[in-house]
Colleague: 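I'd like to ask you about the structure that follows.
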Amino acid sequence: MKYAYFPGCSLKGTGRAYEESFLAVCGALGMEVEEIPDWNCCGATAYMSVDETQALALAARNLALAERLQAGAVVAPCSGCYLELMKSKKLIEEYDDTGRHIRRAIQAGGLTYFGKIAIRHPLDVFVNDVGLEAIRSKVRQPLTGLHVAPYYGCQVVRPFATFDDQRRPTSMDRLLEAAGAAPVDFPLRTRCCGGSLTGTVTEVGLRLTYILLREATRRGADVIAACCPLCQFNLDSYQREIKRRHGGDAEIPVVYFTQLLGLALGAPADRLGLRRNISSVRPLLAAWA
Amino acid sequence: MEIIPQRMRYDSQRDPRFAQDLMGSSRCKTLTQCIQCGTCSGLCPLSAYMDLTPRRVINLARAGFKNDALSCNTIWLCASCYACAVECPKKVSITDIMYSLKRLAIREGLYPKGSPIPVLAREFSRMVRSRGRATESRLVLNLYLKTNLLKLLGMWRMGLKLITRGRFSFRAERIERVNELRTVLATATAEAGEGPVP
Ligand code: SF4
Ligand code: SF4
């Protein structure tokens with residue numbers, strides 16, 4: 001089955017390492033992935049806060065473009081994009097008038113919105129389409145003894161949670177186990193990282209991020225694995241500032257779960273964007289790259 | 001000067017039309033189901049920083065206290081994490097209600113002045129409307145130029161780190177068929193019979 005890949009703005013910017021490692025993992029797993037041509041921004045939470053109708057139209061254009069690719073599903077690695085696309089599809093389906101407005105708008109742009117294509121997250125695709133057995137069989141370098149705090153963030157399972165539990169998701173835990181790593185019990189796995197508040201109301205945003213970093217360290221994690229570019233950015237980039245404000249422990253590396261999977265599958269470190277991390281991944285590289 | 005702070009709201013401060021419109025809108029109709037249990041306020045990771053807790057915003061909004069509901073910082077601090085919406089025992093779509101209030105606050109010009117959050121939301125949507133994509137580095141630059149120049153200067157270290165790691169985009173992203181997108185957006189607004197985006 002072919003997947004229509006929706007990168008979203010972050011994966012072409014601060015989250016480049018997520019795109020690189022995601023594509024490397026797809027390659028190693030033999031998945032067929034094609035980027036949606038001329039995709040536009042999903043709208044994110046910001047557009048929804050200003051204009052819902054246009055936010056829905058933004059998402060619908062992407063889905064219309066994806067449907068042209070004859071792919072089985074859209075795969076969106078950014079949790080924000082994933083949720084925004086799912087939510088838009090649902091609202092368009094649920095409300096007849098909204099659906100009519102959006103369909104007509106898409107038509108005015110020379111496209112057709114069918115609303116048939118499924119929207120999936122890589123966590124879902126890797127666990128449920130590729131399968132843990134198949135992944136285990138492709139692991140060349142098990143991450144034995146690596147304690148990982150699996151951090152899911154909020155929007156990947158809430159509010160829709162189609163592929164995992166809303167309160168205690170485990171798909172990333174299972175993937176990391178398949179890669180040979182040891183996930184630690186991380187109860188804050190779906191607590192909000194602060195999102196864009198780190199940039200706007202820094203005092204508040206950084207405190208939320210700090211709570212997560214502190215808890216991961218307490219739980220004995222060597223590394224935090226993220227599945228959303230905004231979470232990864234917040235946890236990865238502000239550690240110095242957080243230490244200045246709140247004190248606390250040593251740095252902890254924050255990576256994408258796809259970077260860890262990639263290492264286990266034998267992909268070279270530079271194809272996984274591991275030089276882009278701001279928190280120190282040196283111990284990781286020394287042991288596994 | 002306010003000598004005695006007002007701790008309660010008076011009936012005369014209500015705008016019953018506001019409440020009626022809100023509860024009549026499809027995204028906010030669950031407002032009526034709220035039993036004021038406070039689950040949302042208890043688990044919201046941001047309620048400690050809000051001037052009104054989510055529970056209070058729900059109650060003030062449905063009672064028609066428009067000014068409180070639209071000018072509080074609560075709706076802007078809401079990070080859309082959906083924790084409240086999932087745990088609410090009465091299935092009130094709190095996050096969607098927060099979104100509706102944000103949009104009304106922008107339309108009515110009632111958002112807290114000086115708060116960078118609505119500024120970011122508007123800058124973001126402006127950028128996407130005109131180019132089809134958001135470039136994070138430029139967005140942050142625009143935001144701080146508008147709200148907090150000092151903060152921008154304080155961020156040089158972070159900027160440098162991002163640049164050396166190839167995570168900072170100097171080029172502003174743009175889709176190829178911008179005109180197609182603009183037609184789609186303008187048609188959507190017209191079809192829905194809404195006014196231009198403020
Ligand atoms: S959790 Fe639901 S019912 Fe309880 S106060 Fe909040 S909105 Fe109302
Ligand atoms: S969605 Fe908003 S109001 Fe609800 S818990 Fe999250 S931040 Fe708080």
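Reminder, nothing fancy here: chain letters follow the sequence lines and each chain counts from 1. This is a predicted model, so every value here is computed, not measured.
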Colleague: Under a 4.5 Å cutoff for heavy-atom pairs, which residue among T200(A), N40(A), D38(A) has the most contacts with chain B?
Modeller: D38(A)
Colleague: Taking every heavy-atom pair that is under 4.5 Å apart, which of C193(A), G8(A), G194(A), G43(A) has the most such pairs with chain B?
Modeller: G43(A)
Colleague: Closest heavy-atom contact between Y82(B) and K87(A)?
Modeller: OH-NZ, 3.2 Å
Colleague: Using non-hydrogen atoms and a 4.5 Å limit, figure out which bit of D236(A) sits close to chain B: side chain, backbone, both or neither.
Modeller: side chain
Colleague: Begin with the C-alpha distance, continue with both residues' side-chain angles, and end with the deciding distance and a verdict on salt bridge (Lys or Arg N to Asp or Glu O under 4.0 Å) for R100(A) and E191(B).
Modeller: CA-CA 8 Å; R100(A) 201 172 50 245; E191(B) 284 287 339; over 6 Å; no
Colleague: Non-hydrogen contacts under 4.5 angstrom with chain A: give the residues of residues 14-36 of chain B involved, or none if there are none.
Modeller: S26(B), R27(B), K29(B)
Colleague: With the side chain counted from C-beta on, respond yes when K12(A) and S169(B) share a heavy-atom pair under 4.5 Å apart, and no when they do not.
Modeller: no
Colleague: Can you give me the closest heavy-atom contact between G109(A) and V184(B), atom names plus distance?
Modeller: CA-CG2, 3.8 Å
Colleague: Is a donor from one side chain sitting under 3.5 angstrom from an acceptor on the other, for R165(B) and T14(A)?
Modeller: no
Colleague: Measure T190(A) against the heavy atoms of chain B and call it side chain, backbone, both or neither at under 4.5 Å.
Modeller: neither
Colleague: Are side-chain heavy atoms of S49(A) and I106(B) found at a separation under 4.5 Å?
Modeller: no
Colleague: I'd like to verify something: which residue of L43(B), I117(B), T183(B) has the highest number of heavy-atom pairs under 4.5 Å with chain A?
Modeller: I117(B)
Colleague: What's the shortest heavy-atom distance between L208(A) and P45(B), and which atoms?
Modeller: CD2-O, 3.7 Å
Colleague: Identify which of I75(B), T187(B), T135(B) forms the greatest number of heavy-atom pairs closer than 4.5 Å to chain A.
Modeller: T187(B)
Colleague: Is it true that atom CZ of R9(B) has more than 12 heavy atoms of other residues, nucleotides or ligands lying nearer than 6.0 Å?
Modeller: yes
Colleague: Within the structure provided, determine whether I175(B) and W39(A) are in side-chain contact (heavy-atom separation under 4.5 Å).
Modeller: no
Colleague: Quick one: do F233(A) and L162(B) satisfy side chain to side chain contact (heavy atoms under 4.5 Å, CB included)? Show the steps, please.
Modeller: CA-CA 10 Å; F233(A) 184 82; L162(B) 292 173; 3.7 Å; yes
Colleague: Do you know which of R16(A), E203(A), Q107(A) has the most heavy-atom pairs under 4.5 Å to chain B?
Modeller: R16(A)
Colleague: For the CZ atom on R245(A), are there more than 12 heavy atoms of other groups (residues, nucleotides or ligands in this structure) within a distance under 6.0 Å?
Modeller: yes
Colleague: Quick check: does any side chain N or O of R276(A) sit under 3.5 Å from a backbone N or O of R167(B), one acting as donor and the other as acceptor?
Modeller: no
Colleague: Write down the atom of R107(B), the atom of D51(A), and the distance for their closest heavy-atom approach.
Modeller: NH2-OD2, 4.4 Å
Colleague: So for L77(B), is it side chain, backbone, both, or neither that comes closer than 4.5 Å to the heavy atoms of chain A?
Modeller: both
Colleague: Does any part of the side chain of C9(A), heavy atoms only, come nearer than 4.5 Å to the side chain of E136(B), both counted from C-beta?
Modeller: no
Colleague: Nearest 0.5 Å please: distance from the OG1 atom of T53(A) over to the CD atom of E194(B).
Modeller: 3.0 Å
Colleague: Using a cut-off of under 4.5 Å on heavy-atom pairs, state which of S115(B), S93(B), P116(B) scores highest against chain A.
Modeller: P116(B)
Colleague: Considering all heavy atoms of both residues, which atom of V50(A) and which atom of A121(B) are nearest to each other, and what is their separation?
Modeller: CG2-O, 3.7 Å
Colleague: Measure E176(B) against the heavy atoms of chain A and call it side chain, backbone, both or neither at under 4.5 Å.
Modeller: both
Colleague: What distance do L197(A) atom CG and Y49(B) atom OH have between them, rounded to the nearest 0.5 Å?
Modeller: 10.5 Å
Colleague: Side-chain contact, heavy-atom cut-off 4.5 Å: M48(A) with K102(B)?
Modeller: no
Colleague: Where does N277(A) contact chain B at under 4.5 Å (heavy atoms): side chain, backbone, both or neither?
Modeller: backbone
Colleague: For chain B, which candidate among R103(A), R191(A), R207(A), R240(A) shows the most heavy-atom pairs at distances under 4.5 Å?
Modeller: R240(A)
Colleague: Could you check whether T189(B) and Q54(A), counting side-chain N and O atoms only, form a donor-acceptor pair closer than 3.5 Å?
Modeller: yes
Colleague: Give the intermediate values and the outcome of side chain to side chain contact (heavy atoms under 4.5 Å, CB included) for residues E241(A) and M158(B).
Modeller: CA-CA 10 Å; E241(A) 180 64 21; M158(B) 163 84 83; over 6 Å; no
Colleague: Mind ranking Q166(A), E94(A), E52(A) by heavy-atom pairs under 4.5 Å with chain B and telling me who comes out on top?
Modeller: E52(A)
Colleague: Does the side chain of C41(A) come within less than 4.5 Å of F124(B)'s, by heavy atoms?
Modeller: yes
Colleague: With a 3.5 Å distance limit and no angle check, can you tell me whether Q155(A) reaches the backbone of S80(B) through a side-chain donor-acceptor pair?
Modeller: yes
Colleague: D96(B) versus chain A, heavy atoms under 4.5 Å apart: side chain, backbone, both or neither?
Modeller: side chain
Colleague: Are the side chains of R167(A) and V86(B) in touch, meaning some heavy atoms are under 4.5 Å apart?
Modeller: yes
Colleague: Start with the C-alpha distance between N73(B) and V201(A), add both sets of side-chain angles, then the distance that settles side chain to side chain contact (heavy atoms under 4.5 Å, CB included), and finish with yes or no.
Modeller: CA-CA 11 Å; N73(B) 74 14; V201(A) 194; over 6 Å; no
Colleague: Could you walk me through whether T45(A) and Y99(B) pass side chain to side chain contact (heavy atoms under 4.5 Å, CB included), step by step?
Modeller: CA-CA 9 Å; T45(A) 51; Y99(B) 269 123; 3.1 Å; yes
Colleague: Pick one of side chain, backbone, both or neither for A134(B), based on which atoms fall under 4.5 Å of a heavy atom in chain A.
Modeller: both
Colleague: Output the option from A57(A), G13(A), C192(A), G195(A) having the highest count of non-hydrogen pairs under 4.5 Å with chain B.
Modeller: G13(A)
Colleague: Any side-chain heavy atom of L181(B) sitting closer than 4.5 Å to one from L58(A)?
Modeller: yes
